Amino acid sequence: MIDYSITGAFLVGLMGAGHCIGMCGGLVGAFSSQLPRSPKQNQFATQLRFLLSYNLGRIMSYAFAGALVGGSASALGMLFDLDLYLITLRIIAGVMMIATGLYIAQIWSGVVQVERLGMLLWRFLSPIAGKMVPVKNLPQAFIGGMLWGWLPCGLVYTTLTWAVAANSAIDGALIMASFGLGTLPALLSAGVAANVFGRWVQNRAVRLVSGSVLVIFGLQTLYIAIAQLN
């Protein structure tokens, strides 16, 4: 299942561009507009370095969260019947994968409701993250990205359920890192490029195909879990 989860996580990040731009596009725009400027430096190159540093921090947060929940699941597995425990996790992951596929295909958007779960944590982190702007250097951009990585996001939380089902800190980190890499095209693009990329991922046929692939991954995961019950 781990191979499906890594591929699926990347696809969710890539095809969730509309959601990513809506959630984080404004933050990235504000971040970019307040970067340090120098007439002696190429402004595009400077902006790209800061954006890469920012997004690396964000992806590191995702990977850390994946390692945390995957490792915790592995530890808890020692306290319960391991086979039944893993089967339960796979069923949950399969259902969430199907739900995400339906969201990507614009058939059902219930997945984004789980964003409410992260609001309490974000209320604590938001004042700290706000102090990272304006950004003055690359380490500050990296730390700011790590903080913004905890912004409540339904797609992040859904993908975390796959990290839990991976039952491994390493596999959980890989799943979440793959999701983060999938979001890079949307959050690195700006202006016209963002609009062009956004239109592509909003194309009905593209969303239906991508959503269908995720639903198939989810059904495959459920099939494996149910077969293990027999």
Side-chain angles (χ1 to χ4, degrees), residues 2 4-28 31 51 54-73 89 92-106 108-126 128-129 142-166 168-188 198 201 207 210-211 214 217-218 221:
I2 182 64
Y4 288 135
S5 296
I6 290 176
T7 303
F10 181 82
L11 188 60
V12 167
L14 183 66
M15 298 310 302
H19 188 70
C20 289
I21 292 172
M23 285 288 294
C24 301
L27 296 175
V28 173
F31 170 84
L51 285 175
Y54 171 85
N55 281 284
L56 178 59
R58 182 176 58 85
I59 293 171
M60 286 292 290
S61 285
Y62 294 161
F64 174 76
L68 183 63
V69 299
S72 297
L89 290 179
I92 294 173
V95 169
M96 294 304 293
M97 196 175 291
I98 292 171
T100 306
L102 294 176
Y103 169 75
I104 295 295
Q106 295 183 323
W108 183 65
S109 60
V111 161
V112 298
Q113 298 304 315
V114 299
E115 287 171 7
R116 297 174 182 175
L117 298 175
M119 290 308 298
L120 290 177
L121 175 61
W122 183 242
R123 286 173 186 169
F124 172 74
L125 292 176
S126 180
I128 302 175
F142 179 81
I143 295 172
M146 291 190 70
L147 290 171
W148 287 120
W150 297 95
L151 181 72
C153 174
L155 296 184
V156 171
Y157 298 152
T158 298
T159 312
L160 276 172
T161 65
W162 309 350
V164 172
S168 161
I170 294 176
D171 290 343
L174 287 174
I175 288 171
M176 293 307 298
S178 181
F179 167 80
L181 289 173
T183 65
L184 270 181
L187 295 182
L188 281 180
V201 297
R207 294 188 71 96
S210 301
L214 283 176
F217 286 172
T221 301

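Bear in mind that the values here come from a model prediction, so they are computed numbers and not experimental data.
The CD1 atom of Ile175 sits 15.5 Å away from atom OH of Tyr62, with the distance rounded to the nearest 0.5 Å. In this structure, CZ on Phe179 lies 11.0 Å from CG on Leu14, to the nearest 0.5 angstrom. With values rounded to the nearest 0.5 angstrom, Leu51 atom CG is found 12.5 Å from Leu56 atom CG. The distance from the CZ atom of Phe217 to the OG1 atom of Thr100 is 12.5 Å, given to the nearest 0.5 Å. Between the CG atom in Asp171 and the CD1 atom in Ile6 there is a gap of 6.5 Å [rounded to 0.5 Å]. The structure places CE of Met96 at 9.5 Å from CG of Leu155, a figure rounded to the nearest 0.5 Å.
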* Run the numbers on Met176 and Val156 for side chain to side chain contact (heavy atoms under 4.5 Å, CB included), then give the verdict. => CA-CA 8 Å; Met176 293 307 298; Val156 171; 4.0 Å; yes

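Remark: Leu11 engages Met15, Ser210, Val213, Leu214 in a side-chain contact (heavy atoms from CB on, under 4.5 Å) (not counting sequence neighbours). Taking the side-chain contact (heavy atoms from CB on, under 4.5 Å) definition, one finds that Ala105 meets it with Ile107, Leu208, sequence neighbours left out. Applying the side-chain contact (heavy atoms from CB on, under 4.5 Å) rule to Leu184 yields the partners Asn55, Arg58, Ile59, Leu181, Leu188; only residues at least two apart in sequence or on another chain are considered.
Closest non-hydrogen pair, Ala99 versus Trp108, comes out as CB-CZ3, 3.8 Å. Of all heavy-atom pairs between Leu89 and Ala73, the closest is CD1-CB, 4.2 Å. Here the closest heavy-atom approach between residue Ala166 and residue Gly172 is recorded as CB-N, 4.2 Å.
Although no hydrogens or angles enter the test, the distance criterion places no donor-acceptor pair under 3.5 Å between the side chain of Ser61 and the main chain of Trp150. The backbone N or O of Leu174 sits nowhere less than 3.5 Å from a side-chain atom of Ser178 that would complete a donor-acceptor pair.
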